[in-house]
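Residues take their numbers from the sequence shown, with the count starting at 1. For the numbers below, each heavy atom of this structure counts, side chains included, while hydrogens, waters and symmetry mates do not.
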Amino acid sequence: MSCVSGFHCVVCGEATDAPKSAGVCPRCNDPSAVLEISFDLDKAARTLTPAALAERPFNHWRYRELLPIEPDAKAFTWPVGWTPILESERLAAWAGARRLRVKDDGRNPTASFKDRASSVGVLHALQRGATRIACASTGNAASSLAGFAAIADLPATIFVPAAAAEPKVAQLLVFGADVRRVRGTYEQAYDLCSARCAEHGWYNRNCAINPYLVEGKKTCGLEIAEQTAGDVPDWVAVSVGDGCTIAGVAKGLIEMHRLGFIDRVPRVLGVQAKGVDPVALAFETGEPTPPDGTTMADSINVAVPRNWRKAVARVRETGGCFVRVSDGEIGEAMKATGALAGVFAEPAGATSVAGLKRAIADGVIDPASNVLAVVTGNGLKDIATAMRLCGQPTEVDPL
Ligand SMILES: *Cc1c(COP(=O)(O)O)cnc(C)c1O
């Protein structure tokens with residue numbers, strides 16, 4: 001049922017064989033030469049119809065023609081995707097937009113967007129007969145991988161940087177993963193993970209260089225199209241770290257447009273933190289120069305993005321662009337998203353909302369627009385930041 005038509009390198013464009021898991025172009029010798037999967041959309045259109053979708057389960061496997069692997073009956077029971085889109089007039093007024101909707105991906109089973117990729121990675125690893133799956137992560141990819149590995153009964157080894165938020169590490173431990181906290185940065189955890197995977201033959205879930213996983217992330221875009229068909233937003237805002245999430249969302253929107261589910265492709269707005277903006281820089285200059293700064297939004301605190309080429313190309317294809325927001329603006333957006341829309345977002349989750357407000361204030365987005373923010377992670381992932389922003393409760397004595 002899967003309609004994969006081939007693999008090619010995003011740098012040289014040459015077709016390649018399907019990699020076993022992670023991999024870059026064998027010819028280019030460039031770490032940013034990641035692989036892209038193409039699909040035969042004419043073939044997909046024969047079975048992926050509104051009538052067929054109406055009969056399918058409400059999780060992301062419903063788009064099986066557009067996924068790189070064949071879900072089996074067991075996978076169909078894994079709860080992932082089909083997260084709600086909420087309309088908020090009050091948050092729209094706060095951001096200065098005519099209309100604003102929020103897609104709350106914090107409602108996935110392990111409370112972040114990453115479940116869309118991990119579920120595909122774990123299923124692919126099982127189908128390849130892997131005995132262990134590994135990843136390096138700022139937190140959410142790790143907790144997500146550990147959760148899906150637990151559901152699927154596949155051992156997992158997870159490398160996290162020293163600064164990973166404690167609630168995410170707690171999730172890993174509860175899900176029974178073998179957790180290695182690296183005394184170093186995310187980039188160092190990433191390199192250690194890649195080395196151990198090569199050494200032991202473990203399945204490497206690291207999303208940016210594993211082309212299968214980005215297709216899982218695509219399902220958020222497929223869902224936005226299906227859920228808003230007939231009433232599509234003008235802009236879709238997504239926060240950006242490595243760039244896999246935004247590349248996936250944009251690819252999903254583009255494919256659903258080609259398949260005729262939506263009559264136009266929303267423009268995609270990439271949002272980065274002011275201190276850590278290499279993908280925005282690459283969009284503007286062609287080079288993802290590593291930044292000196294940092295951000296409290298740990299999930300997008302990525303100085304060396306692995307997937308910037310796909311992110312930049314896809315955003316451009318939608319007619320979108322990038323904006324930067326300060327940590328202060330992210331904090332304000334976190335409070336507004338909670339208090340005005342009832343959605344508790346982690347800092348990187350609220351970054352999309354902050355970016356919409358900034359883009360409207362800067363005249364990048366017309367205030368008459370109809371916009372949608374993807375909230376990529378739940379606020380319970382980082383309660384320390386939430387408490388710091390919102391203060392303490394009022395202490396009172398009992399009666
Ligand atoms: C991973 C993550 C992102 C960014 O995704 P990239 O693929 O790294 O760009 C954004 N928000 C949250 C909550 C995340 O966990």
Checklist entry - What's the verdict on side chain to side chain contact (heavy atoms under 4.5 Å, CB included) for L123 and W61, showing C-alpha distance, side-chain angles and the deciding distance? => result CA-CA 11 Å; L123 184 61; W61 306 112; 3.8 Å; yes
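- In this structure, W308 is not a member of the same hydrophobic cluster as V323, with clusters built from ILVMFWY side-chain heavy atoms closer than 4.5 Å.
- With sequence neighbours excluded, the residues forming a salt bridge (charged side-chain N to carboxylate O under 4.0 Å, His left out) with R358 are E329, D362, listed by chain and number.
- For R99 and E87, the salt-bridge test passes: some basic side-chain N is under 4.0 Å from an acidic carboxylate O.
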Next on the checklist: For a side chain to side chain contact (heavy atoms under 4.5 Å, CB included) check, start with the C-alpha distance between V374 and V236, then their side-chain angles and the critical distance, and finish with the verdict.
Outcome noted: CA-CA 7 Å; V374 179; V236 170; 4.0 Å; yes
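- Taking a cutoff of 4.0 Å between a charged side-chain nitrogen and a carboxylate oxygen, K103 and E226 do not qualify as a salt bridge.
- Comment: R101 engages D231 in a salt bridge, judged by a side-chain N to carboxylate O separation of less than 4.0 angstrom.
- One hydrophobic cluster, built from ILVMFWY side chains closer than 4.5 Å, cannot hold both M296 and V302; they sit in different ones.
- L372 and I262 fall into different hydrophobic clusters, where Ile, Leu, Val, Met, Phe, Trp and Tyr side chains are chained together by heavy-atom contacts under 4.5 Å.
- Closest approach of A134 to C197, counting heavy atoms only: CB-SG, 3.7 Å.
- With hydrogens and angles left out, the side-chain atoms of T16 and H8 include no donor and acceptor closer than 3.5 Å.
- Side-chain atoms of D105 and N108 include a donor-acceptor pair closer than 3.5 Å.
- Side chain of S369 to main chain of D234: no donor-acceptor pair is present (N/O by atom type, distance under 3.5 Å, no hydrogens or angles).
- For the ring-ring contact (aromatic ring centres under 6.0 Å, His included) condition, the pairs that include at least one residue of residues 275-304, sequence neighbours left out, are F283-F322.
- Minimum interatomic distance between V315 and C321 (heavy atoms only, all atoms of both residues): CG1-N, 3.5 Å.
- Panel note: side chain D104, backbone L86; no donor-acceptor pair is recorded below 3.5 Å.
- The two residues K43 and S2 come nearest to each other via the heavy atoms NZ-O, 4.0 Å.
- For the residue pair K381 / S299, no side-chain donor-acceptor distance below 3.5 Å is found, with atom types taken as modelled.
- Between the side chain of N59 and the backbone N or O of F76, at least one donor-acceptor pair lies under 3.5 Å.
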Next on the checklist: Could you walk me through whether K218 and E215 satisfy the salt bridge (Lys or Arg N to Asp or Glu O under 4.0 Å) test, starting with their C-alpha distance in whole Å, then the side-chain angles of each, then the deciding distance to 0.1 Å, before giving a yes or no?
Outcome noted: CA-CA 5 Å; K218 183 175 81 180; E215 302 305 314; 2.8 Å; yes
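- Heavy atoms of other residues, nucleotides or ligands lying less than 6.0 angstrom from CZ of R98 number more than 12.
- Nearest approach of S137 to A142, heavy atoms of both residues: OG-N, 3.0 Å.
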Checklist entry - Does the side chain to side chain donor-acceptor pair (under 3.5 Å) test come out yes or no for R306 and S32, once each step is laid out? => result CA-CA 6 Å; R306 314 279 162 172; S32 72; over 6 Å; no
Item to check | Stepwise ring pair (Phe, Tyr, Trp, His ring centres under 6.0 Å) check, Y212 with Y203 | outcome: CA-CA 12 Å; Y212 301 98; Y203 186 94; 7.7 Å; no
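- Side chains of R107 and T83: no donor on one and acceptor on the other come within 3.5 Å.
- With hydrogens and angles ignored, the 3.5 Å screen pairs a side-chain donor or acceptor of S144 with a backbone N or O of D115.
- A side-chain donor-acceptor contact under 3.5 Å links Y186 and D242.
- Taking the charged nitrogens against the carboxylate oxygens, R180 and D178 do have a contact shorter than 4.0 Å, which makes a salt bridge.
- Using cut-offs of 30° and 60° for the angle between ring planes, the F148 and W78 rings count as tilted.
- In R258, the CZ atom is not crowded: 12 or fewer heavy atoms of neighbouring residues, nucleotides or ligands sit closer than 6.0 Å.
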Checklist entry - Step by step, would you call I300 with Q272 a side chain to side chain contact (heavy atoms under 4.5 Å, CB included)? => result CA-CA 8 Å; I300 54 168; Q272 289 218 284; 5.9 Å; no
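- Among the candidates N140, T385, T376, the single residue satisfying the side chain to side chain donor-acceptor pair (under 3.5 Å) test with E346 is N140.
- In the hydrophobic clustering of this structure, W82 does not group with F113; members are Ile, Leu, Val, Met, Phe, Trp, Tyr whose side-chain heavy atoms approach within less than 4.5 Å, directly or through other members.
- Proximity of a side-chain donor or acceptor of S239 to a complementary backbone N or O of A348 within less than 3.5 Å is detected.
- Under 4.0 Å is where a charged nitrogen must lie from a carboxylate oxygen, and between R309 and E287 no such pair does.
- Counting heavy-atom neighbours within 6.0 Å of E70 CD, excluding the residue itself, gives a total above 12.
- Under the 4.5 Å side-chain heavy-atom criterion for Ile, Leu, Val, Met, Phe, Trp and Tyr, V268 and I254 are members of the same hydrophobic cluster.
- Side chain of T351 to backbone of P347: a donor-acceptor contact under 3.5 angstrom is found.
- In terms of heavy-atom proximity, L356 sits nearest to I365 at CD2-CD1, 3.8 Å.
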Next on the checklist: Could you walk me through whether V10 and L35 satisfy the side chain to side chain contact (heavy atoms under 4.5 Å, CB included) test, starting with their C-alpha distance in whole Å, then the side-chain angles of each, then the deciding distance to 0.1 Å, before giving a yes or no?
Outcome noted: CA-CA 6 Å; V10 299; L35 303 179; over 6 Å; no
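- Here CD of E187 is found 4.5 Å from OG1 of T185. Values are rounded to the nearest 0.5 Å.
- We find that R267 and E317 are not joined by a salt bridge, their nearest charged nitrogen and carboxylate oxygen being 4.0 Å or further apart.
- A pairwise comparison of heavy atoms in T228 and P233 identifies OG1-CD, 3.5 Å as the closest pair.
- For the pair K168 and D382, the salt-bridge criterion is not met [side-chain N within less than 4.0 Å of a carboxylate O].
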Next on the checklist: Run the salt bridge (Lys or Arg N to Asp or Glu O under 4.0 Å) test on D327 and K274 for me, step by step, so that the C-alpha distance in whole Å, both residues' side-chain angles and the decisive distance to 0.1 Å come before the verdict.
Outcome noted: CA-CA 8 Å; D327 277 6; K274 269 210 170 97; over 6 Å; no
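- A salt bridge links R314 with E36; the closest basic N to acidic carboxylate O contact falls under 4.0 Å.
- With S352 contributing its side chain and G349 its backbone, the two residues share a donor-acceptor pair below 3.5 Å.
- Note: N378 CG to I383 CD1 = 11.0 Å, rounded to the nearest 0.5 Å.
- Checked by atom type and distance alone, the side chain of Q171 pairs as donor or acceptor with a backbone atom of T110 at under 3.5 Å.
- Separation of atoms CG (L53) and CG (L48) is listed at 5.0 Å; rounding is to 0.5 Å.
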